There are 2 protein chains.
Amino acid sequence: MNIEPNLCRVEDALEIIVGKWKPIILLHLLKNGTMRFSDLKRSIPNITQKMLTKNLRELENEDIIERFVYPQVPPKVEYSITEYGKELEPLLHAMHKWGVKHALHKQQYKFI
Amino acid sequence: MNIEPNLCRVEDALEIIVGKWKPIILLHLLKNGTMRFSDLKRSIPNITQKMLTKNLRELENEDIIERFVYPQVPPKVEYSITEYGKELEPLLHAMHKWGVKHALHKQQYKFI
DNA sequence: TCCAGTAGTATCCTTTTGTATACTATACCA
DNA sequence: TGGTATAGTATACAAAAGGATACTACTGGA
């Protein structure tokens with residue numbers, strides 16, 4: 001039941017979902033299944049191409065998403081969640097739920 | 001059921017548990033209830049005083065932990081999880097569980 | 001002929017995060 | 001009288017994350 005603090009693996013999970021963009025990218029891919037690079041870019045306002053590319057590469061290296069290149073010009077590249085990556089969904093939901101609750105809590109205790 | 005990606009609150013949860021030290025600090029406090037600054041320092045090898053102080057302040061500002069100062073010399077300061085902070089425990093457990101699974105998965109798919 | 005669209009890379013910059021080390025005041029103990 | 005312990009702060013630095021902007025190759029369409 002208890003996690004022995006110095007044997008904790010929370011960081012391993014965090015490394016994958018952490019950052020300003022990874023959760024949003026994952027939620028978009030979970031929602032839509034497969035998306036092109038430009039779909040993601042359009043769906044996520046403010047993200048720069050550099051950040052989108054970087055985060056996609058990192059998720060790919062962890063086997064969370066897959067990248068498929070169509071050999072054509074202009075280029076077409078599709079990204080999708082792997083079966084394994086789908087296992088992150090409950091975690092993202094739990095975090096989202098807690099986040100909603102926390103936003104509310106913050107409002108309340110800040111004005112007491 | 002589905003999170004609308006652009007309304008997602010995952011970041012709100014992440015901001016609180018993210019970083020090299022916060023999960024370990026929280027797990028120690030969840031395990032022991034109350035700890036002095038020096039207890040935490042001793043229990044977390046390699047953390048610097050600056051980082052410990054900084055992270056404790058941030059957790060305090062989010063109402064996750066409480067700080068109690070005994071007016072004596074040499075100083076004595078105790079930290080403990082708030083009731084509200086305890087609600088993070090299931091999330092930490094879920095992340096830990098996923099982290100364990102991921103460490104295993106990594107071993108497997110890297111050698112195929 | 002010129003422009004838009006694709007999926008990036010390259011370069012430079014700022015901000016955040018983390019490390020290393022030295023320093024503080026005061027009391028107790030030998 | 002000098003050392004240890006407590007809970008920090010101050011300073012300087014290194015590394016990582018993120019942002020802004022310009023650039024590429026190639027094609028199809030106006």
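We name chains A, B, ... by the order of the sequence lines, and we start the count at 1 in each one. As a basis for the values below, the full set of heavy atoms in this structure was taken, side chains included, without hydrogen atoms, waters or symmetry mates. Computed from a predicted model, the values in this text were never measured in an experiment.
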task: Measure the distance from CD on Gln72(B) to P on dA27(C) and round it to the nearest whole Å.
output: 12 Å
message: Applying salt bridge (Lys or Arg N to Asp or Glu O under 4.0 Å), can you list everything that pairs with Lys41(A), at least two apart in sequence or on another chain?
response: none
Terminal axis angle for the helix from dT1(C)-dA30(D) to dA30(C)-dT1(D), five pairs an end, nearest 10 degrees: 20°
For nucleotides 6-11 of chain C, list the nitrogen or oxygen atoms of the protein found under 3.5 Å from its nitrogen or oxygen atoms, one pair per line.
residue: dT6(C); atom: O3'; partner: Arg36(A); partner atom: NH2; Å: 3.0
residue: dT6(C); atom: O3'; partner: Pro75(A); partner atom: O; Å: 2.7
residue: dA7(C); atom: OP1; partner: Arg36(A); partner atom: NE; Å: 3.1
residue: dA7(C); atom: OP1; partner: Arg36(A); partner atom: NH2; Å: 3.1
residue: dA7(C); atom: OP1; partner: Val77(A); partner atom: N; Å: 3.0
residue: dA7(C); atom: OP2; partner: Ser38(A); partner atom: N; Å: 2.9
residue: dA7(C); atom: OP2; partner: Ser38(A); partner atom: OG; Å: 2.9
residue: dA7(C); atom: N7; partner: Gln49(A); partner atom: NE2; Å: 3.3
residue: dG8(C); atom: OP1; partner: Arg57(A); partner atom: NH2; Å: 3.1
residue: dG8(C); atom: OP1; partner: Arg67(A); partner atom: NH2; Å: 2.5
residue: dG8(C); atom: OP2; partner: Tyr79(A); partner atom: OH; Å: 2.9
residue: dG8(C); atom: N7; partner: Gln49(A); partner atom: OE1; Å: 3.0
residue: dG8(C); atom: N7; partner: Gln49(A); partner atom: NE2; Å: 2.8
residue: dG8(C); atom: O6; partner: Gln49(A); partner atom: OE1; Å: 2.9

- prompt: Taking only residues two or more places apart in sequence, or in another chain, which ones meet His28(A) in a side chain to side chain contact (heavy atoms under 4.5 Å, CB included)?
  reply: Ile24(A), Asn32(A), Met35(A), Leu40(A), Ser43(A), Ile44(A), Pro5(B), Asn6(B)
task: Check every atom of dG19(D), dT26(C), dA17(D) against the side chain of Lys54(A) and return the nucleotide holding the closest atom.
output: dA17(D)
task: Round to a whole Å and report the spacing from CG of Leu52(B) to P of dG8(D).
output: 8 Å
Salt bridge (Lys or Arg N to Asp or Glu O under 4.0 Å) against Lys101(B), all qualifying residues, sequence neighbours excluded: Glu87(A)
message: Give the residues of residues 7-23 of chain A touching DNA chain C, defined as any heavy atom closer than 4.0 Å, sorted by residue number.
response: none
- request: Figure out the CE/C1' separation between Met51(B) and dA10(D), and round it to whole Å.
  value: 13 Å
task: Could you note down all residue pairs passing side-chain hydrogen bond (donor to acceptor under 3.5 Å, both in side chains) where residues 65-74 of chain A supplies at least one of them, sequence neighbours left out?
output: Arg67(A)-Tyr79(A), Tyr70(A)-Glu78(A)
task: Would you please name every residue forming a side-chain hydrogen bond (donor to acceptor under 3.5 Å, both in side chains) with Glu58(B), sequence neighbours left out?
output: Lys22(B)
- request: To the nearest Å, give me how far apart NZ (Lys41(B)) and P (dA5(D)) are.
  value: 13 Å
query: For Asp12(B), which residues count as a side-chain hydrogen bond (donor to acceptor under 3.5 Å, both in side chains) partner, sequence neighbours excluded?
result: Arg9(B)
field: Interatomic distance, Leu40(B) CG vs dA5(D) C1' [rounded to whole Å]
entry: 17 Å
- request: Could you tell me which residues satisfy ring pair (Phe, Tyr, Trp, His ring centres under 6.0 Å) with His102(A), sequence neighbours excluded, listed by chain and number?
  value: Trp98(A), Tyr84(B)
task: Under the side-chain hydrogen bond (donor to acceptor under 3.5 Å, both in side chains) rule, collect the residues that match up with Lys97(B), sequence neighbours excluded.
output: none
field: Note: Arg36(A)-Asp39(A) ion pair, threshold 4.0 Å (strictly below)
entry: no
- request: Could you tell me whether Lys86(B) and Glu89(B) have a side-chain N and a carboxylate O separated by less than 4.0 Å?
  value: no
Pairs flagged by ring pair (Phe, Tyr, Trp, His ring centres under 6.0 Å) wherever residues 37-57 of chain B is involved - sequence neighbours left out: none
